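What follows is a single structure, written as structure tokens, with notes after it.
Residue numbers run from 1 in the order of the sequence given. A quick note: this is a predicted structure, and the numbers were derived from the prediction, not measured.
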Amino acid sequence: MKFLVSLFFLVSLISCASSSTGSKLPSSAMEISPLINGAKLPSMMVSNHKGKVVDLSTELKGKKSVVVFYRGGWCPYCNVQLQGLRKIEKKLKKLGWQIVGISPDSVSSISQSINKHNLGYKLYSDSLVNAAKGFGLAYKVDDKTNTKLLGYGINLEEASGQKHRALPVPAVYLIGEDGSVLFNYVNPNYKVRLKESIILEAAKELK
């Protein structure tokens, strides 16, 4: 339990009780107000890899879910994370958990990621950042950062198909069957991701 307590403490340092659901997005990753443990998921419309619009809270209802927010298929750290989740997917399934990935990528980009990484778990397109806002993870990329990304050949508007230039802070949430947050890890430093072994241990303790 010590590692869980430490993680909960880390999250509490960067989390607030309310989520960023307003129309104006925070101007940096450090200003978000993510959902905390005990919160219930609001209604959030996203698209599956076939382009069908669904309510994420309904999709997760009745299932224990490991929800992973990532920045997009263009992000190397995110791709490593998506691949790493495959290592624990079977073990999570045995424990009764499903993996769900969410990013602002367009439906076509989501489909490409599924094929590229041969993923067996679900990915959802949150191109309108409804889910990122619902979880309180969304922020708007500033002009300086956007210019830097463009220099690397990364166009956020093309990736999402939208002009909001918004991204979610990478996060991992364990959601109960009733739609309540059981565990969360949110880190504004996009280079630091939660290890698969810790996700698995958390899922074991929350089974």
Side-chain angles (χ1 to χ4, degrees), residues 7-8 10-72 78 81 85 92 96-107 110 121-141 156 159-188 190 194 199 202-203 206:
L7 285 173
F8 293 156
L10 172 62
V11 171
S12 69
L13 294 178
I14 60 175
S15 301
C16 298
S18 62
S19 62
S20 303
T21 56
S23 58
K24 185 177 181 180
L25 295 177
S27 57
S28 78
M30 294 300 296
E31 297 176 7
I32 64 167
S33 299
L35 286 183
I36 60 174
N37 297 335
K40 285 291 185 71
L41 299 188
S43 176
M44 299 165 283
M45 307 309 292
V46 295
S47 299
N48 62 23
H49 70 285
K50 295 183 179 179
K52 181 181 179 181
V53 177
V54 297
D55 187 334
L56 182 63
S57 61
T58 301
E59 292 285 290
L60 301 183
K61 190 174 182 179
K63 304 172 186 176
K64 294 188 296 183
S65 306
V66 177
V67 178
V68 180
F69 278 87
Y70 66 103
R71 304 196 303 163
C78 298
Q81 183 179 36
L85 290 171
L92 285 173
W97 294 85
Q98 67 170 345
I99 299 175
V100 174
I102 303 172
S103 84
D105 277 346
S106 64
V107 171
I110 288 291
Y121 54 86
K122 299 177 181 178
L123 295 186
Y124 288 93
S125 168
D126 186 33
S127 60
L128 297 178
V129 292
N130 290 325
K133 287 180 180 179
F135 275 79
L137 301 171
Y139 71 98
K140 185 172 182 179
V141 174
L156 296 181
S160 67
Q162 305 294 330
K163 297 185 179 299
H164 50 59
R165 262 173 40 194
L167 290 177
V169 169
V172 175
Y173 276 83
L174 269 62
I175 308 297
E177 296 178 9
D178 63 348
S180 61
V181 176
L182 304 177
F183 170 91
N184 72 97
Y185 174 85
V186 184
N187 196 327
Y190 66 86
L194 193 61
I199 295 175
L206 293 169

Do [X] and [Y] make a side-chain contact, defined as non-hydrogen atoms from C-beta onward lying under 4.5 Å apart?
X	Y	result
Ser103	Leu123	no
Leu56	Ile102	yes
Leu85	Ile199	yes
Val68	Leu194	no
Pro168	Val129	no
Val67	Tyr124	no
Val100	Tyr121	no
Val181	Ile36	no

> Given Lys40 and Asp178, is the side-chain contact (heavy atoms from CB on, under 4.5 Å) satisfied, shown in steps?
Replying inline: CA-CA 8 Å; Lys40 285 291 185 71; Asp178 63 348; 3.7 Å; yes
Would you give the length of the straight line joining atom [atom1] of [X] to atom [atom2] of [Y], rounded to the nearest 0.5 angstrom?
X	Y	atom1	atom2	value
Asn130	Ser125	CG	OG	10.0 Å
Asn184	Leu35	CG	CG	8.0 Å
Lys63	Glu177	NZ	CD	11.0 Å
Trp97	Leu92	CH2	CG	8.5 Å
Ile175	Ser180	CD1	OG	7.5 Å
His49	Lys122	NE2	NZ	10.0 Å

Where [X] and [Y] come nearest, the two heavy atoms and their spacing:
X	Y	answer
Ile32	Gly136	CB-O, 3.4 Å
Pro34	Leu137	CB-CD2, 3.8 Å
Leu25	Lys140	CB-N, 4.0 Å
Tyr70	Cys78	CB-SG, 3.7 Å
Leu60	Ser65	CD2-OG, 3.5 Å
Val107	Gly51	CG1-N, 3.7 Å

>> Can a donor-acceptor pair be found, under 3.5 Å and without considering hydrogens, that links the side chain of Asp55 to the backbone of Ser43?
In response: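 No; judged by distance alone, with no hydrogens or angles, the pair does not exist.
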> Quick one: ring-ring contact (aromatic ring centres under 6.0 Å, His included) partners of Tyr173, sequence neighbours excluded?
Replying inline: Phe135
>> With no hydrogens and no angle check, just 3.5 Å: does a side-chain donor-acceptor pair link Asn187 and Tyr185?
In response: yes
>> Taking NZ in Lys61 as the centre, count heavy atoms belonging to other residues, nucleotides or ligands within less than 6.0 Å. Is the count above 12?
In response: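 No.
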